[in-house]
Amino acid sequence: MIDYRSIEQKWQKAWDDAKVFDPEPDEREPFMITAAFPYVNAPQHIGHIRTYGTTDTYARYKRMQGFNVLYPMALHATGTPVLAFAKRIANKDKELIDELRIFHVADDDIMRMSDPEYIASYFAKEMEGGMRAAGYSIDWRRKFISIEPIFSKFVEWQFYKLKEKGYITRGKHPIGWCTNEKNAVGQHDTRHDVQPEIQQVTVVKFKDPSSGIFFGCATYRPETLYGVTNIFVNGKARYVIANIDGNRYYLTKKAAEMLALQFNIVIESELDGSELLSKKAVNPIDNSEVPILPGFFVKEDTGTGVVMSVPAHAPFDYVALERLKSENYPMPEMQYKRVVVVEKGGDGIGLGRSLSDVSAGQAKAEHPEVPALAYLELLHADDKAIDDVVEFATKLLYREESHWGIMDVGEFKGMKEPEARELIKAKLLKEGNAFNIHTVANDEPVYCRCGTKVIVNIVDQWFINYGDKKWKDLVKGMFPHMAIYPEKLRLTFDNLIDWIDLRAAERSQGLGTKFPFSEGHIIESLSDSTIYMCFYTFVHIIRAKDIRVDQLKPEFFEYVILGSGGADAVESATGIDAGTVNRCRESFEYWYKNTSRHSAPDLVPNHLIMYIFNHVGILRKENWPKQIVVNGFVNYEGEKMSKSLGNIIPVVDGIEKYGADPLRFIEIAGADLDTTTEFSADGVSSVHARNSYILESIKSLSSMKSKELSHIDYWLYSKLNSKIRNATSHMEGISLKSAYTEIYYNSINELKRYMDRGGDNGIVVREFLEDMVLMLAPIMPHVAEEFWSMLGKSTLIAKERWPIANDSMVNEPEEMVEEIIDRTIDDIKQSIELTAKIGANKEKRPSEIKIIIASPWKSKAYNMLVARKNMKEVMENGELAGVDKEELSKFLSQFMKRINMLVARTELEEGLLLRAFVEAEEYISDKFGNAKIVAESEKDSKSARASRALPEKPSIDILWD
RNA sequence: GCAGGGAUAGCAAAGCAUGGCCAAAUGCGAUGGGUUUAGGGCUCAUUCCCGUAGGGGUUCGAGAGUUCAAAUCUCUCUCCCUGCACCA
């Protein structure tokens, strides 16, 4: 068993002592690789190894490719989480404290965590320790925390630049809002953590001809306007006459209060809903006059409190009208007009697919002309829980019609419903017959933690305008030149680049940099970390020179990052000596041209998109992003790792238990880049076993001698070199799983096979092991160092070069021969199994197995046939003149029926296959209870089965005794 | 609703871009054998169905199509997952 802990510590110290990972500019090509800095509100667990370990593996690989690699790290602490954390500690939150104990945080430290600064510095230190233990090749001299004043100066400068470019604008945006706390409400601020869903709703204006006042009917389906029979109001609610932008409307009092956050509303008078019931209103789509009726389901605090009634398509409307009828409410005769039909198959009007599921297919609606009724019937609306049924019917019908509906009346007859909806909506808006409002659209009302119902507010604040046309075009122009791994994410990025628009830039609470253009606010905490990687290139210089915060004026960054002005001018403006300023500038210029950004997929729609935009918006073209790498998450024994599931393993515990390298290997090479890795203890132990095998192999080298190369040696060389070649190309594409399947799992199998086949050439095995260990160095750096030194090397493998494939050693025929041997063994096995059942062979064992290798003309004839697809042409070909015609015809005819499906095969050198089989006789014999194996050529064979031999499929003749 | 992704054998998961060496890699699980045999570790074999010689049959969400040939291309459908703004 390998003692991982002691190996890790030994080599980590060696790296530190040799300062292998603290690079400064030199003559080599630079490569700067950064991963999203971790947030300091919890210690790291083993899942984090996926991102930072993948980044490290790539950094180490690049280093071995001869690049001067910088892998820096910082920590993120701005925004509200750290504050919230401190508050929870101050309140002695038990859940949080228990969680911290899982991570071995001492009670003493926990007590002090009511101070946000303490939290940040505690976890900063804790995380650094974990990352060092995992063996990341990080330059820790450049570490900083995003709430440090020197960093804030940099962020401030960033925002001056955005403002200067015109990318920061003031604007309005609908957000969830608590009227009690007068605060924006996000998911974390609501009861049960629901995300307030804000949607646009169209308000259609129905004019009361007697007064000129409008009934504003809120609807998601303005296209059903053709089927309106009446308007519903809540007879028991208080209504107002409100003036909105010059027009007067009837609204519920509550609706008016809510809409006051979205519009300028002047309330003129109040009245009871019942007073509206005598009125009439004009439908703007066809100027028909409809009555106002009481609707039992109309809620006074939803929408406008005025609803247009479309009984043919809205189950609630239908039910309400039925109820009125049964109560003998006086109302005029009305026509339920179907507006939309759902086509189903060829049999005319159907009720759609979802309904047939519900009603188990036997559904035959009696009233297809009134879909709302049909749905209710089929869902058995006579049920007690009537409201539930009606609601379910509403949802189903809405979904069905929105998906499959075709307009049956009006201007847009024949058009698909969703398309017609947009056109009608646009038309109504244009003609002044409607306007849009925003509303919280969740099924259930959303409440703030304080208990107040969340409504929509339109706030006026600073935004970063990612919708800026010029900016967006710049990004669209550069993005195709960026490398994206995995490449299939490119489309996602493209869509997001199109989609991203205004984004709030300020926040009223949290840690961070003061927003420079409005009092009392801080910069939103994703916006402050979009170009921070620049800071790594010179932060250690600032620190070493003890530069004061107040010296970090815009002039400094302007020169260091953009090269504007000059070092002397910066010196006189800031007092920082010109030499230091120039060093910062040179460092930035050197490092920030060849960069790679790594993160988990959750940051794609926000951080990574903003990362691209901000770079393009602020930096010079040569410093724009070059490549982005996105890696997936990690599951633990089939489940997502989460604190609530209790399956979180802190990094330090994981390393203690499994070893840093096996842990790294499983997480990094366990799955393709963008998919979730399954972490399991079984996987780890299989890595342990393989590492031990490598260890034993290295030890066994001393007992091996060098000798002349045989077929199996050439085969192993060939495998080795094709593995190096394949692995290198996988590494270049950051397909770490494929790369390490080749380097590790497959290579070990090849080595085993080599030994199994009797290979024992010390020179060959040593070369194989050396290259394999070199290629393992990026992912299992500690173990690789250990193996490297066991192989007698005195250098650090971290500073060695990646092996280069020798293509001339890749020997396709030798590899093919091995495959044929393998397949032949399988065939023999199968044949024995089947023929053993024959009566004559009962109680017997195979005594001799003849393996008959096909005559060389066969593969020639075969390939000729595949190329010409014509038997006659092959028969008459001069190259096959020496072959017996009858035999040739028999051979060829067996392929004729599948002639079009056959593929040409490589022709092996004459005699190669036979020689290899002869060499392998002992190996094969071993597999069949030491039966005698005779490999012979078809020509020399006396077996009756000899003529059955095919080019890559020797004939087999089994003799039983 | 909008946008993106997915559906492969008991499970997990490759392959589909460039259709044919795909009954489909690999891992786990299961079954059997070996190992001075501990139900552990390691190791070998088997793991869709049938088969008295290396063969045949039916498979890659469902259906249709293109093709000599489709897990792979086209179309339609069904189902699942993720994100959607003040939240890091």
Side-chain angles (χ1 to χ4, degrees), chain A residues 36 38-39 41 76-82 173-176 183-189 195 197-200 220 353-354 357 398-399 402 418 421 441 459 461 463 466 487-489 491-496 498-510 524-527 529 601-607 635 638 670-672 674-676 678 680 682-683 685-686 689 692-693 737-738 741 745-746 749 752 756 819 823-824 826-841 869 898-906 927 945 948 950 952-958:
Chain A
Y39 202 90
N41 65 343
H76 195 30
T78 69
T80 50
V82 168
H173 188 74
I175 57 170
N183 233 331
V185 180
Q187 185 167 350
H188 302 291
D189 310 313
Q195 175 72 41
E197 284 168 34
I198 295 169
Q199 254 180 41
Q200 215 181 45
Y220 291 109
R353 302 138 222 255
S354 41
D357 288 347
Y398 178 79
R399 200 181 125 191
S402 286
R421 178 181 303 159
V459 293
Q461 61 172 164
F463 288 88
Y466 293 111
E487 172 65 26
K488 66 178 174 188
L489 272 179
L491 185 64
T492 306
F493 274 94
D494 273 331
N495 283 310
L496 287 166
D498 259 331
W499 165 83
I500 192 170
D501 195 18
L502 292 177
R503 183 174 174 106
E506 56 179 321
R507 180 93 167 105
S508 57
Q509 36 185 297
E524 189 270 321
S525 52
L526 276 179
S527 304
S529 43
D602 52 340
L603 298 186
V604 172
N606 41 67
H607 167 73
N635 275 0
D672 285 327
D674 59 328
T675 56
T676 303
E678 290 296 331
S680 73
D682 284 343
S685 66
S686 91
S692 300
Y693 180 82
K737 183 194 177 190
S738 310
T741 301
Y745 296 113
N746 290 351
N749 286 347
K752 280 183 180 170
D756 201 21
E819 272 174 40
R823 275 208 301 271
T824 305
D826 278 346
D827 284 346
I828 296 172
K829 209 173 282 170
Q830 216 180 122
S831 301
I832 289 176
E833 254 170 52
L834 289 166
T835 51
K837 296 177 196 164
I838 300 174
N841 295 336
K869 302 203 189 302
R898 293 182 303 149
I899 182 71
N900 282 311
M901 297 175 69
L902 298 176
V903 180
R905 314 302 310 243
T906 312
K927 303 249 171 200
R945 301 183 61 86
R948 297 178 60 114
L950 298 179
E952 290 177 22
K953 210 175 181 63
S955 177
I956 300 160
D957 197 355
I958 301 163

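Model, not experiment: these values are computed from the prediction. Just so it is clear: chains get the letters A, B, ... in the order the sequence lines come, proteins before strands, and each one is counted from 1.
- Distance check on atom C1': B/A9 versus B/C60 gives 8 Å, rounded to whole Å.
- A/Ser955 places a side-chain N or O within 3.5 Å of a backbone atom of A/Arg945 that can act as its donor or acceptor partner.
- Taking the P atom of each, B/A64 and B/A71 are spaced 15 Å apart, rounded to whole Å.
- Side-chain N or O atoms of A/His76 include one that pairs as donor or acceptor with a backbone N or O of A/Ser525 at under 3.5 Å.
- Atom name C1', nucleotides B/G15 and B/U82: the rounded distance is 24 Å, in whole Å.
- Nucleotides B/G27 and B/G34 place their C1' atoms 23 Å apart, quoted to the nearest Å.
- When distances run from any side-chain atom of A/Pro605 to the nucleotides B/A14, B/A53, B/G83, the shortest one goes to B/G83.
- In a base pair of the Watson-Crick type (N1 to N3 plus N6-O4 or O6-N4) or a G-U wobble (N1-O2 and O6-N3), with each distance short of 3.5 Å, B/U76 is matched with B/A62.
- Between A/Lys953 and A/Leu491, the one whose closest nucleotide on RNA chain B sits nearer the 5' end is A/Leu491.
- The listed nucleotides are B/G6, B/G54, B/A85; the one nearest the side chain of A/Ile956 is B/G54.
- Closest to the A/Asn495 side chain, of the nucleotides B/G4, B/A88, B/G54, is B/G4.
- For B/U78 and B/G29, the C1' atoms lie 30 Å apart once the distance is rounded to whole Å.
- The side chain of A/Ser955 lies closest to B/G54, out of B/A14, B/G54, B/A88.
- With a cut-off of 3.5 Å on both Watson-Crick or G-U wobble distances, the partner of B/U35 is given as B/G41.
- Take A/Arg507 and apply the salt bridge (Lys or Arg N to Asp or Glu O under 4.0 Å) test, not counting sequence neighbours, and it matches no residue.
- Take A/Tyr220 and apply the ring-ring contact (aromatic ring centres under 6.0 Å, His included) test, not counting sequence neighbours, and it matches no residue.
- In this structure, B/A9 forms no base pair with any nucleotide, since neither Watson-Crick nor G-U wobble geometry is met with both distances under 3.5 Å.
- Distance check: A/Asn495 CG to A/Ile500 CD1 gives 13.0 Å after rounding to the nearest 0.5 Å.
- Among B/A14, B/A88, B/G5, the nucleotide with an atom closest to any side-chain atom of A/Thr80 is B/A88.
- Among B/G83, B/G6, B/A85, the nucleotide with an atom closest to any side-chain atom of A/Lys488 is B/G6.
- Taking atom P in both B/U35 and B/A53, the straight-line distance is 32 Å, to the nearest Å.
- Of the possible polar contacts, none joining the A/Tyr466 side chain to the A/Trp499 backbone as a donor-acceptor pair under 3.5 Å is found.
- Looking at heavy-atom distances under 4.0 Å, A/Arg945 makes contact with a base.
- B/A53: no Watson-Crick or G-U partner with both key distances under 3.5 Å is found in any strand.
- In this structure B/A88 sits in no base pair that meets the Watson-Crick or G-U test at under 3.5 Å.
- Every residue two or more places apart in sequence or in another chain was checked for a side-chain hydrogen bond (donor to acceptor under 3.5 Å, both in side chains) with A/Thr824, and none qualifies.
- Taking the P atom of each, B/G19 and B/U67 are spaced 16 Å apart, rounded to whole Å.
- Shown here are the salt bridge (Lys or Arg N to Asp or Glu O under 4.0 Å) partners of A/Asp602, two or more places apart in sequence or in another chain: there are none.
- A 3.5 Å limit on both hydrogen-bonding distances identifies B/C81 as the Watson-Crick or G-U partner of B/G4.
- Closest-nucleotide positions on RNA chain B for A/Thr824 and A/Arg507 were compared, and the one nearer the 5' end corresponds to A/Thr824.
- With a cut-off of 3.5 Å on both pairing distances, B/A17 has no Watson-Crick or G-U wobble partner at all.
- With a 3.5 Å ceiling on both atom-pair distances, B/A24 lacks any Watson-Crick or G-U wobble partner.
- Among the heavy atoms of the strands lying under 4.0 Å from A/Asp672 are primed sugar atoms or P, OP1, OP2 only; no base atom is included.
- In this entry the distance linking CD1 of A/Ile198 with C1' of B/C2 reads 15 Å, nearest Å.
- Residue A/Asp501 has its side chain nearest to B/A85 when only B/A14, B/A88, B/A85 are considered.
- The A/His76 side chain lies nearest to B/A88 when the options are B/A53, B/A25, B/A88.
- Phosphate contact (OP1/OP2 of B/U26, side-chain N/O of A/Thr741, threshold under 4.0 Å): absent.
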Atom pairs, N/O to N/O, protein against nucleotides 39-49 of chain B, distance under 3.5 Å?
residue, atom, partner, partner atom, Å
B/U43, OP1, A/Lys752, NZ, 3.0

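- Which of B/G4, B/A88, B/G54 sits closest to the side chain of A/Pro81 comes down to B/A88.
- In terms of the ring-ring contact (aromatic ring centres under 6.0 Å, His included) criterion, A/Tyr693 has no residue partners (sequence neighbours excluded).
- Taking the P atom of each, B/U26 and B/U43 are spaced 15 Å apart, rounded to whole Å.
- Contact annotation: the side chain of A/Asp674 approaches that of A/Lys488 to within less than 4.5 Å [non-hydrogen atoms, C-beta and beyond].
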